[in-house]
Number of protein chains: 2
Amino acid sequence: MKSSLTLEHQICFQLYTASKELTRLYRPILAPLNLTYSQYLVMLVLWEEDNIDLKQLGDRLTLDSGTLSPLVKRLMQLDYVEKVRATDDERRVLLSLTPSGSALREQAEEVPLKVSGMLNIDEATYIAYMEMLIDIKARLRAFGEREE
Amino acid sequence: MKSSLTLEHQICFQLYTASKELTRLYRPILAPLNLTYSQYLVMLVLWEEDNIDLKQLGDRLTLDSGTLSPLVKRLMQLDYVEKVRATDDERRVLLSLTPSGSALREQAEEVPLKVSGMLNIDEATYIAYMEMLIDIKARLRAFGEREE
DNA sequence: GGCAATTAAGTTGTGCACAATCTAATTATA
DNA sequence: TATAATTAGATTGTGCACAACTTAATTGCC
């Protein structure tokens, strides 16, 4: 298998730069919503499922509390979300949308459309690319599980 | 085109998590070399082309001086690289390998092999995936250039 | 030759990303 | 039922990633 030490021949490098460059594309689109890219991902989860606890949120985004805690704090300062401690299990903290956070969804609806337009990609290619990325993750997880 | 606001349906999310998870795979492999993932990318460039100036290096990795300056400082502390100011143009700084930095290459040769093994991917799929990622970047750049 | 515009690096400040550690609540089990 | 093990979340520290700004060298243009 590919063993050349050349930068451009490493899938890790292509993935790393592609991810960075796509995130860069989002920045100006998200700026009017006062969101960073990671904050946008958290909001996506909440618009899908309100009142989710931080643990589930972190699992969904593969982020630990060290990243999420300060990020959520900033979303609270923006008045987009609020935290409520769960009554049944006092360790858990539920995150829910404020009215402003819910209202923001309408503006956010346009984000994927804008991005698709910028990428200039047809549906079939888009799906093929998504499947590739999901497959890469599946292979990574398969290895992780072999190791446990 | 894809306009659902669901997390998993966004190519950006798949790219973002795939990149993070692949980087995570590298961490234990690079730890014995005392390198982070980004530092490894810099070393890859230097093993390919020694005595490169910081500007070119940054272009190659899509990193600006705000990221590279402190990163290179840490590589210097590890005694893997050294900086020399170019004589023809005093603004430029050339980065070159120290003996330890050159010697490290031998150990690094095994990294791509290990990663391929962990990913458990055949050559044809690997190449197809690389091309998809390069295509995504090409589309992003095409948009960037339309905007200039 | 003189001066504005550009360029290369570096610095500062903000926000991830993650390891390691801590606290408090819950669950398991001896 | 004590107490050990586990779990959720927060905190601390390190290292990217990038915008905005600074400094110094070079280039362009009159």
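A, B, ... follow the sequence lines: proteins, then strands. Residue 1 opens every chain. Bear in mind that the values here come from a model prediction, so they are computed numbers and not experimental data.
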Between CE of B/Met132 and OH of A/Tyr129, what distance do you get to the nearest 0.5 Å? 6.5 Å
Whole-Å distance, B/Tyr37 OH to C/dC18 C1', equals 16 Å
Would you mind reporting whether A/Ile29 and A/Glu110 have side-chain heavy atoms less than 4.5 Å apart? no
Plane angle bin for A/Tyr26 and A/Tyr40 - parallel if under 30°, tilted between 30 and 60°, otherwise perpendicular: tilted
Integer-rounded Å distance: C/dG15 P and A/Leu35 CG: 12 Å
How would you list, by chain and number, every residue that makes a salt bridge (charged side-chain N to carboxylate O under 4.0 Å, His left out) with B/Arg105, sequence neighbours excluded? B/Glu109
OP1 or OP2 of C/dT11 sitting under 4.0 Å from any side-chain N/O of B/Lys73? yes
C/dC18 phosphate, OP1 or OP2, under 4.0 Å from B/Lys20 side-chain N/O: yes
Separation of atom CD in B/Gln77 from atom P in D/dT14, rounded to whole Å: 12 Å
Protein-nucleotide distance (A/Leu95, atom CG; D/dG9, atom C1'), rounded to Å: 12 Å
Which value, rounded to the nearest 0.5 Å, describes the distance between A/Lys114 atom NZ and A/Leu25 atom CG? 11.0 Å
Separation of D/dG15 atom C1' from B/Leu30 atom CG, nearest Å, is 14 Å
In whole angstroms, how far is the C1' atom of C/dT14 from the CZ atom of A/Arg27? 12 Å
Test applied, side-chain contact (heavy atoms from CB on, under 4.5 Å); reference residue, B/Gln39; option that passes from B/Leu78, B/Val81, B/Leu30: B/Leu78
Nearest whole Å is fine: how far is D/dA10 P from A/Met76 CE? 9 Å
On the nucleotide C/dC16, are OP1 or OP2 found under 4.0 Å from the side-chain N or O atoms that B/Tyr16 carries? no
In residues 81-93 of chain A, which residues come under 4.0 Å of DNA chain C by heavy atom? A/Asp88, A/Asp89, A/Glu90, A/Arg91
To the nearest Å, give me how far apart OH (A/Tyr26) and P (D/dC18) are. 16 Å
Distance, nearest 0.5 Å, that separates CD1 of A/Ile136 from OH of B/Tyr126: 9.5 Å
Expected list for residues 49-69 of chain A near DNA chain D, using heavy atoms below 4.0 Å, is A/Asp53, A/Leu54, A/Lys55, A/Ser65, A/Gly66, A/Ser69
State which of C/dA17, C/dG15, D/dA17 makes the closest approach to the side chain of A/Gln39. C/dG15
Among D/dA19, C/dC16, D/dT11, which nucleotide has an atom closest to any side-chain atom of A/Arg74? C/dC16
Run through B/Leu63, B/Val72, B/Leu94 and flag the one making a side-chain contact (heavy atoms from CB on, under 4.5 Å) with B/Leu54. B/Val72
At less than 4.0 Å, is any side-chain N or O atom of A/Ser38 found next to OP1 or OP2 of C/dG15? Yes or no. no
To the nearest 0.5 Å, how far apart are OG1 in B/Thr87 and CZ in B/Arg85? 11.5 Å
